[in-house]
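Reviewing the structure listed below.
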Amino acid sequence: MSAPTLQRRLGLVQATALNMIDMVGIGPFVTLPLVMGFMGPNFLLAWLVGAALASVDGLIWSELGAAYPEAGGSYRFLKLAYGEQKWGRYMSFLYVWQTLIQSPLVLASGAIGFAQYFGYLVPMTEWWQPKAVAGTVVLLLIILLYRRIEDIGRLGVALWVGVLSLMGWLIFGGVTHPNHHVDILPAGGFSALPGLLVSAAMGQAAVKTIYSYLGYYNVCHLGAEIKGPEKVIPRSIFLSILGIAALYLLLNWSVGTVIGWQEVQGWQASAGDKSQFIISVFMERLYGPTAATVATAMVLLVAFASLFAVLLGYSRIPYAAAADGEFLPVFGKLHPTKQFPYISLLLLGGVGFVFSLLFRLGEVISAILAMRILVQFVGQAVGLMLLRKRRGTSALPFKMPLYPLPVIVAIIVWLFVFVGIAPAEVTWGGVHFKLYFQLAALGMMALGTAAFLLWSRSLKRWPFAQ
C-alpha cells in the first residue's frame, strides 16, 4: 500500500478565503486603538504603510509560490535559493527551527486577543480566567483541524463569510453615523510625509499594522494542496492584500468618525482603559448593548477563524522539512486515513497552548515580527535574487514588475521595522529589565545554528560530510 500524499484540492476561492481569514484575526481589532494612540490624527497613514509593505513583499511571495508550489512555503524557497546541499540546508533549517517557536506565538497572540474581547461578554476578575479561555481556544482549534483538507477548505469559506459580514456591519455603522472628521494625509500635506514616515511613532505603529496584515502568504505554505498553483497562488495573494487593505482602511475610518482619536488617547491614559474593547464600545454607542454583544461575538468568531487558518498553514512546514529529510522524521508522518501532518499539528498546537498561558499580547506581537524578519522576509528576498541569477526567468510562471526595485524596497523596509521594534519592560524574579526582541531573535538564530550543526554532524552531512 502506497504512503499517503498531499492532494491538490484547494481552488482560488478557498485559497483566498484561507488567506483572508488568516489576515483578519484579532489583529485589527486590538491594534486599531494602539495605532491611534501612537499616530493621533495620522492613524490611517500607518495602515497605508502596512498595506504598501504587504503589496511589495507579496510580489516576492507570488513569484516564488507560483514557481515552486510545494508544502512548506519559505522552507522550500530558502533551500532552493541558497543551494540544496549546503547553505540552503542551513537557511531552511533555521526557518523551520524558528517556526517551532514563532508559529505558536502567532497562535498564542490570537488566543490571548480572543480572551481579551471575551472579557467584554463575561467579566473575568481572576488572573487565571483569561488564560483558561485562551488555552481552551487553542485546544478547540486542534480538534477542528484534525480532519481532511477538503473539509477544511469548505469550513474556511464559511468562516470567510463571517469575516466579511462583520467587517461590512462595522463599516456601515461608521458611514451612517459620522461625528468626527478623519484625514488620510497629515495636516502639512505631502511635505510632512517624509518626516512622519521615518518617525519613531510610525515605527511603533507600523509594527502593529504589519502584524495585522501578516498572512497574505498563507497559501504558499499549502502550495502542494493548491489546484493550478502557477495562477491561483499569485491571484489569491493580491486579492487578499487588496481586499483586506480596503476593509482595514474603511474599518479604521468608520471607527475614527464615531470615536475620535483624542478620546482613545484619553482612555489609554486612564485606569479603566476601554480601548481594548473599542469595537464593542463603537457598536454600543451606535446601536446599544445588544448590538455590542452580537458584534463582540462576531469579533470572537473572526479571531477563531484566523487562528484556524494559521495553524493549518504552519503545520505543513515541519512536515515538509521532515519529508525532505532535513528535520526529525516523526514530523514527516501523515495521518493514515485523513492524509494530513498530524504530528506537526499536535506539536505546534501544544506549544501554542503553553504560550497562550504564559505571555501578554504586546510582547507576543513584537516577538513574532522580530523572529520572522531576518530569516524569512529578508532572507527570502535575497534568496529570490540568487534564484533569478542562477536559474534565469524564462521558466517563471509569474514575474514581478520593476525587478529588482520591489525586492530592494522590501529589504530596506523590513530592516527599518526590525530596528524599530521597541523593547518590553519585564520584571522577573524581582529583577526589572528591558527585553530587546532583536537580541532575542538573534539568540534564537544562534541556538538554531547549534542545533543545525549537531543535526548535520549526526547525519554526516554538510558541513561535516566525509
Side-chain angles (χ1 to χ4, degrees), residues 10 12-32 34-35 46-62 65 73-74 102-103 105-111 113-114 141 152-153 155-168 170-171 206-222 226 232-252 279 298-314 361 364-365 368-369 372 376-377 417:
L10 299 178
L12 178 61
V13 173
Q14 294 168 321
T16 304
L18 289 171
N19 264 6
M20 291 182 74
I21 63 176
D22 188 347
M23 296 168 74
V24 185
I26 199 67
F29 307 118
V30 296
T31 59
L32 187 158
L34 298 177
V35 175
W47 291 95
L48 286 170
V49 168
L53 178 56
S55 299
V56 172
D57 196 54
L59 291 171
I60 298 171
W61 284 93
S62 294
S74 291
Q102 62 98 359
S103 58
L105 283 171
V106 175
L107 191 60
S109 71
F114 183 102
L141 284 167
I152 288 172
L155 184 55
V157 173
L159 293 172
W160 182 32
V161 173
V163 169
L164 296 180
S165 300
L166 172 62
M167 299 292 276
L170 296 174
I171 291 167
V207 169
K208 304 301 184 289
T209 60
I210 290 167
Y211 163 78
S212 299
Y213 279 105
L214 293 180
Y216 50 87
Y217 43 77
N218 189 50
V219 64
C220 293
H221 299 148
L222 303 169
I226 303 296
V232 168
I233 288 178
R235 289 174 182 175
S236 64
I237 287 174
F238 282 98
L239 284 173
S240 303
I241 293 172
L242 294 175
I244 293 302
L247 288 175
Y248 282 178
L249 289 170
L250 288 170
L251 172 66
N252 278 266
I279 298 301
M298 292 184 70
V299 168
L300 296 178
L301 173 65
V302 168
F304 189 85
S306 174
L307 293 177
F308 178 88
V310 164
L311 186 54
L312 169 66
Y314 278 116
L361 184 61
V364 172
I365 291 175
I368 289 167
L369 275 176
R372 286 186 179 187
Q376 185 176 20
F377 295 123
V417 173

Show your reasoning for whether side chain to side chain contact (heavy atoms under 4.5 Å, CB included) applies to L222 and Q14.
-> CA-CA 11 Å; L222 303 169; Q14 294 168 321; over 6 Å; no
Considering all heavy atoms of both residues, which atom of C220 and which atom of I237 are nearest to each other, and what is their separation?
-> SG-CD1, 4.1 Å
Does the side chain to side chain contact (heavy atoms under 4.5 Å, CB included) test come out yes or no for L59 and F238, once each step is laid out?
-> CA-CA 9 Å; L59 291 171; F238 282 98; 3.4 Å; yes
Report the distance from atom CG of L164 to atom CE of M20, rounding to the nearest 0.5 Å.
-> 5.5 Å
Which value, rounded to the nearest 0.5 Å, describes the distance between I244 atom CD1 and W47 atom CH2?
-> 11.0 Å
Minimum-distance pair of heavy atoms, taken over all atoms of N19 and S236 = ND2-O, 3.7 Å
Under the side chain to side chain donor-acceptor pair (under 3.5 Å) test, which residues partner D57, sequence neighbours left out?
-> W61, Y216, W414
Side chains of S109 and Y211: is there a donor and an acceptor less than 3.5 Å apart?
-> yes
Could you give me the CA-CA distance, side-chain angles and deciding distance for N252 and V35, then say whether side chain to side chain contact (heavy atoms under 4.5 Å, CB included) is met?
-> CA-CA 10 Å; N252 278 266; V35 175; 5.7 Å; no
Could you walk me through whether L32 and L251 pass side chain to side chain contact (heavy atoms under 4.5 Å, CB included), step by step?
-> CA-CA 9 Å; L32 187 158; L251 172 66; 4.2 Å; yes
Can you tell me if Y248 uses its side chain to pair, donor with acceptor, with the backbone of S212 under 3.5 Å?
-> yes
Okay, side chain of T16, backbone of V13: is any donor-acceptor separation there less than 3.5 Å?
-> no
Exercise: identify the closest heavy-atom pair between A15 and V219 | CB-CG2, 3.8 Å
Shortest non-hydrogen pair, S74 vs Q376, comes out as OG-NE2, 3.3 Å
Which distance, rounded to the nearest 0.5 Å, do you find between the CD1 of I210 and the CG of L369?
-> 6.5 Å
Separation between CG of L242 and CG of L247, rounded to the nearest 0.5 Å | 11.0 Å
M298 side chain reached by L170 side chain, heavy atoms, under 4.5 Å | no
Quick one: CE on M23 to CD1 on I241, what's the gap to the nearest 0.5 Å?
-> 6.0 Å
Provide the closest heavy-atom pair for L48 versus L249 in the form atom of the first, atom of the second, distance.
-> CD2-CD1, 3.6 Å
Looking only at heavy atoms, the pair that brings S165 and V161 closest together is OG-O, 2.8 Å
Measuring from L12:CG to I226:CD1, what's the distance to the nearest 0.5 Å?
-> 9.5 Å
